[in-house]
Amino acid sequence: MDKLSYEKETLYVHKGYSSKNHQGSLSVPLYQTSTFAFETAEQGARRFAGEEEGGIYSRLGNPTVHVLEERMAAMEHGEGALAFGSGMAAVSTILVHLTKTGDHILCTRGIYGCTFGLLNILEEKYNITHDLADLTTEEKIEAAIKPNTVCIYIETPINPTMEIVDIAQITRIAIKHGIQVVVDNTFSSPYLQNPLELGADFVLHSATKYINGHGDVIAGILVGKNREDINKIRSTVQKDYGGIISPFDAWLLIRGLKTLHVRMDRHSNNAADIFTFLKSNPKVENIYYPFDEGNPQYEVAKKQMKTGGGLISFTVTGGINNAQKLMNELRLIKIAVSLGDAETLIQHPSTMTHSVVPEKERVEMGITDGLLRLSVGLENSLDLIEDLQQALSKI
Ligand code: LCS
């Protein structure tokens with residue numbers, strides 16, 4: 001890449017790699033190796049001392065993984081990135097990095113079920129407490145911050161309620177209090193939303209989802225505003241907790257990223273079509289979609305997201321029984337957790353992704369027993385609507 005700056009779609013395809021240094025290989029080479037041979041004992045010593053660039057051992061760094069990290073840092077406008085073996089490894093690494101015993105983490109009122117589980121482990125084992133709070137207005141954010149709050153951890157849109165929080169508003173208040181902000185950007189992908197641009201300190205992804213896009217990898221990404229923070233985490237929590245990605249999975253993510261923008265446009269258009277269909281169906285009671293003009297956070301969603309994304313949550317008349325019946329009647333749409341794949345997936349959060357959250361907290365998060373979450377895929381939206389229509393007609 002010769003020019004100093006390129007448009008983001010160009011970076012998704014090229015950033016961090018030059019075929020000139022790799023015998024002309026157009027595809028990024030896969031360095032499927034656990035370790036790197038040194039030419040001499042002295043060279044090994046220099047590499048360990050950080051005096052010479054080069055491979056040591058793939059838990060500490062790998063050239064294929066490095067391309068993925070460079071590309072993700074550019075996509076999220078950060079100075080550095082780290083790749084992990086799962087989204088949860090990225091979540092746990094940043095929370096362990098930012099906290100110590102006695103600290104407090106403030107979260108959005110909804111979060112992914114396993115992030116909720118992790119927060120409880122941190123509280124039970126290390127007395128790192130947390131609150132889940134409504135962070136939709138300045139007054140509410142200020143009221144939720146405690147003297148020992150060191151981190152505000154947000155999802156937006158929130159999984160699975162699709163609630164939106166204003167990232168810029170939260171970061172403005174956090175900066176005033178000297179608190180770090182971490183945004184889980186899984187639901188939007190870097191193509192739709194860039195939290196670091198809005199003042200966040202870290203952004204993370206379950207790369208299992210849109211980043212990969214093909215439903216065949218579990219992975220995570222953490223991007224930092226500052227290179228020093230990322231280098232510090234690389235040489236401490238990531239290295240010593242060890243939740244790193246495999247080179248092959250990094251290679252698959254590099255391949256997935258090349259089509260991220262094309263896929264996200266299609267996911268978003270399909271979801272917009274399905275939203276219009278579901279909104280007018282009498283059996284659909286409530287619908288949650290960021291670009292619904294009736295959504296109280298619509299203006300915020302418009303401000304910080306490029307499109308409404310590919311996810312829609314909804315409830316149907318008849319509660320959990322009809323919700324499960326609807327799922328069972330679908331012919332094309334698959335019943336599966338995860339999201340961001342080419343295939344359209346439907347899941348039932350209260351018995352699946354968020355079943356680990358106790359009922360009281362689940363209801364406070366807005367996850368009712370009748371709620372369904374649809375991850376709209378890349379099929380033709382007419383086929384998806386037909387499938388939903390025939391299933392809805394049977395409940
Ligand atoms: N953050 C969010 C917002 C997620 O949705 C998930 C997984 C994670 C983090 C964890 O990522 P993983 O370790 O699975 O790569 N969400 C899932 C979901 O909604 N259905 O299945 C998994």
Side-chain angles (χ1 to χ4, degrees), residues 5 8 11 69 71-82 87 90-91 93-95 97-99 103-112 115 130-159 162-206 211 220-233 290 296-307 309:
S5 76
K8 59 183 173 185
L11 295 176
E69 292 174 340
R71 216 161 269 187
M72 280 304 308
M75 290 169 91
E76 283 288 15
H77 308 266
E79 288 184 359
L82 299 169
V91 176
T93 296
I94 188 60
L95 290 182
H97 170 72
L98 289 176
T99 59
D103 286 344
H104 173 255
I105 303 167
L106 176 59
C107 303
T108 36
R109 131 172 94 178
I111 40 171
Y112 171 56
T115 306
H130 63 270
D131 281 307
L132 270 57
D134 178 350
L135 301 180
T136 52
T137 67
E138 185 159 353
E139 297 69 42
K140 287 175 179 166
I141 302 165
E142 287 283 4
I145 292 173
K146 294 185 170 172
N148 59 340
T149 305
V150 293
C151 164
I152 302 183
Y153 183 95
I154 63 182
E155 283 182 20
T156 181
I158 296 175
N159 183 4
M162 304 307 292
E163 188 172 308
I164 305 289
V165 293
D166 186 334
I167 301 172
Q169 181 176 55
I170 290 177
T171 60
R172 208 169 46 244
I173 297 167
I175 288 166
K176 209 171 71 189
H177 290 269
I179 296 169
Q180 303 262 298
V181 176
V182 180
V183 181
D184 182 334
N185 204 23
T186 301
F187 268 38
S188 299
S189 88
Y191 181 58
L192 303 189
Q193 178 171 278
N194 294 121
L196 299 185
E197 292 278 277
L198 302 172
D201 299 282
F202 295 96
V203 56
L204 64 87
H205 292 269
S206 165
I211 302 290
I221 298 282
L222 174 71
V223 184
K225 181 150 80 182
N226 299 316
R227 189 173 291 278
E228 304 84 70
D229 287 336
I230 288 295
N231 288 344
K232 174 90 195 240
I233 299 168
Q297 301 301 106
Y298 172 68
E299 291 303 328
V300 179
K302 274 271 188 195
K303 186 178 70 166
Q304 66 194 21
M305 294 174 75
K306 183 179 163 72
T307 71

Counting C-beta onward and ignoring hydrogens, is there a side-chain heavy-atom pair between [X] and [Y] closer than 4.5 Å?
{"X": "Pro290", "Y": "Met162", "answer": "yes"}
{"X": "Lys303", "Y": "Asp166", "answer": "yes"}
{"X": "Pro157", "Y": "Gln297", "answer": "no"}

Looking at [Y], is its backbone amide N or carbonyl O close enough to the side chain of [X] to form a donor-acceptor pair, meaning the two atoms are under 3.5 Å apart?
{"X": "Asp131", "Y": "Ala144", "result": "no"}
{"X": "Thr171", "Y": "Leu198", "result": "yes"}
{"X": "Gln304", "Y": "Val165", "result": "yes"}
{"X": "Asp201", "Y": "Val181", "result": "yes"}
{"X": "Asn194", "Y": "Met75", "result": "yes"}

How far does [atom1] of [X] sit from [atom2] of [Y], to the nearest 0.5 angstrom?
{"X": "Lys225", "Y": "Glu79", "atom1": "NZ", "atom2": "CD", "result": "9.5 Å"}
{"X": "Asp103", "Y": "Lys146", "atom1": "CG", "atom2": "NZ", "result": "12.0 Å"}
{"X": "Ile170", "Y": "Ile152", "atom1": "CD1", "atom2": "CD1", "result": "6.5 Å"}
{"X": "Asp184", "Y": "Thr115", "atom1": "CG", "atom2": "OG1", "result": "6.0 Å"}
{"X": "Ile154", "Y": "Arg109", "atom1": "CD1", "atom2": "CZ", "result": "13.5 Å"}
{"X": "Gln193", "Y": "Thr186", "atom1": "CD", "atom2": "OG1", "result": "11.0 Å"}

Closest contact, heavy atoms only, [X] versus [Y]:
{"X": "Glu142", "Y": "Lys176", "answer": "OE2-NZ, 2.7 Å"}
{"X": "Leu11", "Y": "Arg71", "answer": "O-CG, 3.6 Å"}
{"X": "Ile145", "Y": "His177", "answer": "CD1-CD2, 3.8 Å"}
{"X": "Ile179", "Y": "Thr149", "answer": "CG1-O, 3.5 Å"}
{"X": "Thr108", "Y": "Glu155", "answer": "OG1-N, 3.3 Å"}
{"X": "Ser188", "Y": "Thr156", "answer": "OG-O, 3.9 Å"}

Would you find more than 12 non-hydrogen atoms of other residues, nucleotides or ligands less than 6.0 Å from Lys232 atom NZ? no

Decide yes or no on side chain to side chain contact (heavy atoms under 4.5 Å, CB included) for Phe202 and Asp229, but give the supporting numbers first. CA-CA 9 Å; Phe202 295 96; Asp229 287 336; 3.8 Å; yes

Apply the test side chain to side chain contact (heavy atoms under 4.5 Å, CB included) to residues Ile230 and Glu69: give CA-CA distance (whole Å), side-chain angles for both, the deciding distance (0.1 Å), then the verdict. CA-CA 11 Å; Ile230 288 295; Glu69 292 174 340; over 6 Å; no

What verdict does the side chain to side chain contact (heavy atoms under 4.5 Å, CB included) test give for Ile164 and Met305, after you've listed the backbone C-alpha separation in whole Å, the side-chain angles of each residue and the deciding distance to 0.1 Å? CA-CA 10 Å; Ile164 305 289; Met305 294 174 75; 4.2 Å; yes

Test log, rule side chain to side chain contact (heavy atoms under 4.5 Å, CB included), inputs Glu163 and Thr136: CA-CA 9 Å; Glu163 188 172 308; Thr136 52; 3.8 Å; yes

